[in-house]
Amino acid sequence: MDILLKRLMEGGSLTREDWITLIADSTPETDQLLFEMARAVRHRHYGRDVYIRGLIEISNYCKNDCLYCGIRRSNPHAERYRMPESDILLCCETGYRLGFRTFVLQGGEDPYFTDDRVVSIVSAIKRSYPDCAVTLSLGEKEPESYARFREAGADRYLLRHETANRTHYARLHPPELSFTHRQDCLRTLKTLGYSVGAGFMVGSPGQTAECLADDMLFLQELKPQMVGIGPFLPHHDTPFAKEPAGSLELSLRMLALTRLLLPKVLLPATTALGSVDPTGRVRGILAGANVVMPNLSPEKNRGKYLLYDGKAAVGLEAAESLERLKQQMASAGYRVVVGRGDPAV
Ligand code: 5AD
């Protein structure tokens with residue numbers, strides 16, 4: 001274990017078997033060592049800064065039917081909403097005042113948000129806030145659409161690969177969703193000059209250490225600038241309602257391993273991490289994460305963007321509680337900074 005961690009620290013490449021050992025054979029002691037190493041790498045590139053992103057959940061309509069997700073199209077109980085451009089801009093105004101310099105527009109794959117509409121929104125934000133980064137997280141699109149968004153000024157794109165194991169992908173998604181197409185989208189986004197975010201859930205049904213090893217091999221090959229990792233949490237209106245949640249410990253281990261694999265990666269302590277345990281986000285930071293994404297969505301929509309049960313949407317998750325977030329980070333020895341928070345060079 002120690003030898004593998006050392007090899008990883010030195011930039012050496014690991015085999016699938018090595019990854020399986022790191023993921024499955026850990027003990028509380030090796031985890032402590034791992035978190036220390038991840039923090040050291042994080043401090044080398046980002047010091048004790050924590051970057052914040054204002055998350056705006058623009059629509060919970062979705063044409064997809066992912067088995068784990070509460071806003072899947074076949075959930076008739078989801079109360080659907082979409083935000084008009086004017087409301088999105090109002091969110092940015094609030095966010096800018098609070099000190100956010102990155103806005104993340106996230107939504108289900110909602111056909112209402114045509115390329116023209118997305119281009120119009122991105123252009124408007126960049127016109128009003130030229131010192132801000134715009135991140136899109138709107139799912140799988142054609143290369144031409146990604147190119148148009150980029151021309152309109154979008155800087156970054158989040159599209160979790162969800163799982164890099166083909167068999168596991170088929171267990172989590174309906175047959176019409178293509179494992180290959182999702183990965184192709186990420187490669188296209190990279191070619192277009194986006195900062196790209198991949199990522200996966202931890203502890204989703206059917207996931208094994210082998211699947212997680214495949215995730216690490218995929219990250220090693222894609223070299224994304226950002227990686228979103230959080231525990232799977234069941235949603236009561238999905239086929240996975242009765243499945244157990246992923247563990248905080250394994251999620252933290254995957255965060256730390258990702259920090260060692262991709263030293264300069266932008267790594268959020270995700271909402272799911274903060275939802276599975278009230279201390280989850282701070283522990284994420286202490287395991288090598290360097291980003292948090294407070295929710296900027298209007299209060300009235302916040303309870304509706306429910307990908308899973310128990311989602312933290314109030315308290316520390318709300319942008320208005322930024323002060324409390326700052327205090328929480330400060331007591332762990334970190335500081336929330338105002339800035340775009342681009343990847344270290
Ligand atoms: N539990 C945890 N994460 C989930 N996501 C979707 N549904 C769930 C769930 N039930 C994650 C997916 C998606 C991201 C926006 O949220 O990985 O890419």
Side-chain angles (χ1 to χ4, degrees), residues 53 55-75 77-78 104-110 135-141 156-165 168-169 171-174 177 179 181-183 185-186 189 196-207 211-212 215 218-219 224 226-248 250-252 254-255 258 267-277 280-281 284 291-293 295 297 302 304-313 317:
R53 321 300 195 195
L55 182 63
I56 308 174
E57 294 155 339
I58 68 171
S59 169
N60 71 352
Y61 284 86
C62 191
K63 66 178 166 71
N64 291 334
D65 218 19
C66 305
L67 276 74
Y68 46 83
C69 187
I71 65 168
R72 64 203 303 265
R73 70 156 185 267
S74 64
N75 178 8
H77 302 298
V104 181
L105 310 186
Q106 184 169 86
E109 291 194 14
D110 178 359
T135 304
L136 298 178
S137 180
L138 302 172
E140 296 178 38
K141 306 273 179 188
R156 311 179 185 141
Y157 205 101
L158 306 180
L159 183 75
R160 290 189 177 182
H161 64 280
E162 307 298 358
T163 172
N165 180 285
H168 188 224
Y169 193 92
R171 169 97 200 264
L172 301 181
H173 300 97
L177 285 177
F179 175 75
H181 186 257
R182 196 154 186 100
Q183 299 194 355
C185 283
L186 284 162
L189 287 161
V196 166
F200 54 92
M201 291 179 288
V202 173
S204 57
Q207 187 181 61
C211 299
L212 289 167
D215 288 320
F218 176 69
L219 294 180
M226 309 171 282
V227 180
I229 300 171
F232 159 76
L233 296 165
H235 183 288
H236 61 279
D237 280 324
T238 64
F240 291 161
K242 297 277 178 295
E243 299 288 341
S247 87
L248 175 64
L250 184 54
S251 303
L252 295 171
M254 298 314 298
L255 280 174
T258 303
L267 201 57
T270 51
T271 307
L273 203 63
S275 301
V276 77
D277 186 305
R281 281 214 303 214
V291 174
V292 280
M293 300 170 65
N295 202 319
S297 306
R302 233 176 253 176
K304 298 180 190 161
Y305 198 83
L306 287 183
L307 308 185
Y308 43 81
D309 295 336
K311 184 182 170 209
E317 195 52 43

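Heavy-atom basis, side chains included; hydrogens, waters and symmetry copies ignored. As the structure lists them, so they are numbered: ligands from 1, and atoms in each ligand from 1.
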Problem set entry | side chain to side chain donor-acceptor pair (under 3.5 Å) partner of Ser137, chosen from Arg160, Arg156, Gln106 | Gln106
Exercise. Just by modelled atom types, is the Asn75 backbone N or O under 3.5 Å from a matching donor or acceptor in the Asp237 side chain?
Worked result: no
For this session: Name the closest protein heavy atom to atom 1 (N) of ligand 1, giving the residue it belongs to and the distance to 0.1 Å.
Result: Leu233 N, 3.0 Å
Problem set entry | Non-hydrogen side-chain atoms of Ile58 and Asp110 separated by less than 4.5 Å | no
Exercise. Relative to atom 8 (C) of ligand 1, which among Gln106, Glu162, His161, Met201 owns the nearest non-hydrogen atom?
Worked result: Met201
Exercise. Backbone N or O of Ser74 within a donor-acceptor pair of the Asp65 side chain at under 3.5 Å?
Worked result: yes
For this session: Check whether any side-chain heavy atom of Phe200 lies under 4.5 Å from a side-chain heavy atom of Thr163, and answer yes or no.
Result: no
Exercise. Which part of Pro234 is near ligand 1, with near meaning a heavy atom under 4.0 Å away: side chain, backbone, both or neither?
Worked result: neither
For this session: Considering only non-hydrogen protein atoms, determine which one is nearest to atom 11 (C) of ligand 1 and report residue, atom name and distance to 0.1 Å.
Result: Arg160 NH1, 3.6 Å
For this session: Specify the protein heavy atom at minimum distance from atom 16 (O) of ligand 1: its residue, its atom name, and the distance to 0.1 Å.
Result: Leu307 CD1, 3.4 Å
Problem set entry | Shortest protein heavy-atom distance from atom 2 (C) of ligand 1, along with the residue and atom involved | Pro231 O, 3.3 Å
Exercise. Looking at ligand 1, does any of its N/O atoms fall within less than 3.5 Å of an N/O of Cys69?
Worked result: no
Exercise. Less than 3.5 Å between some nitrogen or oxygen of Tyr68 and one of ligand 1, yes or no?
Worked result: yes
